[in-house]
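Inspection log for the structure reproduced underneath, given as structure tokens.
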Amino acid sequence: MTSPSIQKDICNCFAQEVLKKIFEELGDDIFSILVDESRDISKKEQMAVVLRYVDKLGFVKERFIGLVHVTETTALSLKSSIDELFARYSLSLGSIRGQGYDGASNMSGEFNGLKALLLQEKSSAYFVHYFAHQLQLVVVALAIKHLEICKSLKEVSDLTNVVGASCKRIDLIRESQRERLKLNPEVETERGKNQELSFARAGDTRWSSHEKKNTSSKDQDILNAVGMVKSIKEELQRYRLEGFDSLLKDVTSFCGKYEIEMVNIEDGYVDPKHQRRKTNITNRHHYEVNNFNTILDM
């Protein structure tokens with residue numbers, strides 16, 4: 001267990017045994033394929049592949065079967081990589097009944113996307129845009145309609161660009177991070193522990209939220225969807241009435257941890273554009289009513 005090459009051999013053996021069980025369970029049955037591009041920390045472009053199928057007991061299963069290195073992310077290159085993967089595991093394109101990708105043109109393009117290439121070989125491989133991806137894009141589209149939220153996101157983007165473009169500024173941030181880690185007795189700072197990370201940029205999609213649905217029948221889908229809409233509206237209303245204090249607590253904790261100056265929430269709000277004009281509202285009213293509640297209402 002002290003040899004990296006032996007460790008990788010053992011992991012590969014485990015992976016092959018897991019894949020063997022997955023393909024035994026799938027058998028010759030039909031399935032759907034889910035694909036996304038995933039670049040690793042070394043900037044190597046990869047394609048993550050997941051199979052979705054129904055087992056013999058009627059349960060829907062989603063099983064990750066591998067990462068495939070791709071030299072480019074064109075539709076033809078991705079299709080060729082899928083063909084090679086299927087050939088390796090003796091899977092048939094004729095068994096595909098569904099395909100799910102994000103909305104990028106190389107994936108879901110109507111004429112030249114990966115979706116179209118698979119449909120040319122199997123017309124019953126119906127395409128579905130990722131539900132969680134669609135939901136997240138809707139949330140982002142609504143949020144940036146709010147002027148102050150849009151301004152905040154732009155400031156974060158500008159800050160990232162300014163810092164990320166300078167090696168000197170990145171070194172200052174890393175040095176600050178090292179000093180904070182040294183002062184934290186709960187964090188180990190030896191070799192291989194809490195290594196330096198690159199400066200991450202904000203993105204429109206976050207995969208921490210997932211949309212779950214029941215797929216037993218069309219009637220059940222409609223009933224389930226209606227129930228989900230109702231429950232989400234109730235949850236949003238509950239969060240609107242009770243959630244601001246919880247959010248404020250998280251913000252206060254974050255600002256305290258990173259030594260960020262925070263306004264007194266009960267002081268009078270000062271409009272940055274008209275600093276001499278009285279607003280007659282508090283900071284709490286501005287952030288809770290004009291921002292928090294407005295976004296939830298949207």
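Two residues are said to be in side-chain contact when any heavy atoms from C-beta on lie closer than 4.5 Å; K61 and L26 fail this criterion. Within the 4.5 Å cutoff, the side chain of V270 has no heavy atoms near those of the V263 side chain. Inter-residue side-chain proximity for D83 and K79 is flagged as met; some heavy-atom pair is nearer than 4.5 Å. Side-chain contact between F127 and L118 is absent, with no heavy atoms from C-beta onward closer than 4.5 Å. Looking at heavy atoms from C-beta onward, E45 lies out of side-chain contact with T71 at the 4.5 angstrom threshold.
A salt bridge links D297 with R240; the closest basic N to acidic carboxylate O contact falls under 4.0 Å. By the 4.0 Å N-to-carboxylate-O rule, E235 lies close enough to R238 to be salt-bridged with it. Between R284 and D245, at least one side-chain nitrogen of the basic residue sits less than 4.0 Å from a carboxylate oxygen of the acidic one, meeting the salt-bridge criterion. Checked for salt-bridge contact, D158 and K154 meet the test: a charged N lies under 4.0 Å from a carboxylate O.
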Tell me, with the steps shown, if M298 and I295 meet side-chain contact (heavy atoms from CB on, under 4.5 Å). CA-CA 5 Å; M298 290 166 67; I295 289 295; 4.2 Å; yes
Could you please spell out the steps behind the side chain to side chain donor-acceptor pair (under 3.5 Å) verdict for E37 and N106? CA-CA 11 Å; E37 299 155 39; N106 64 327; 2.9 Å; yes
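Closest approach of S92 and F31 over heavy atoms only: O-CZ, 3.8 Å.
Checking side-chain atoms of H146 against main-chain N and O of F292 turns up no donor-acceptor pair under 3.5 Å.
A perpendicular orientation is assigned to the rings of Y287 and Y269, their planes being inclined by more than 60° (bins at 30° and 60°).
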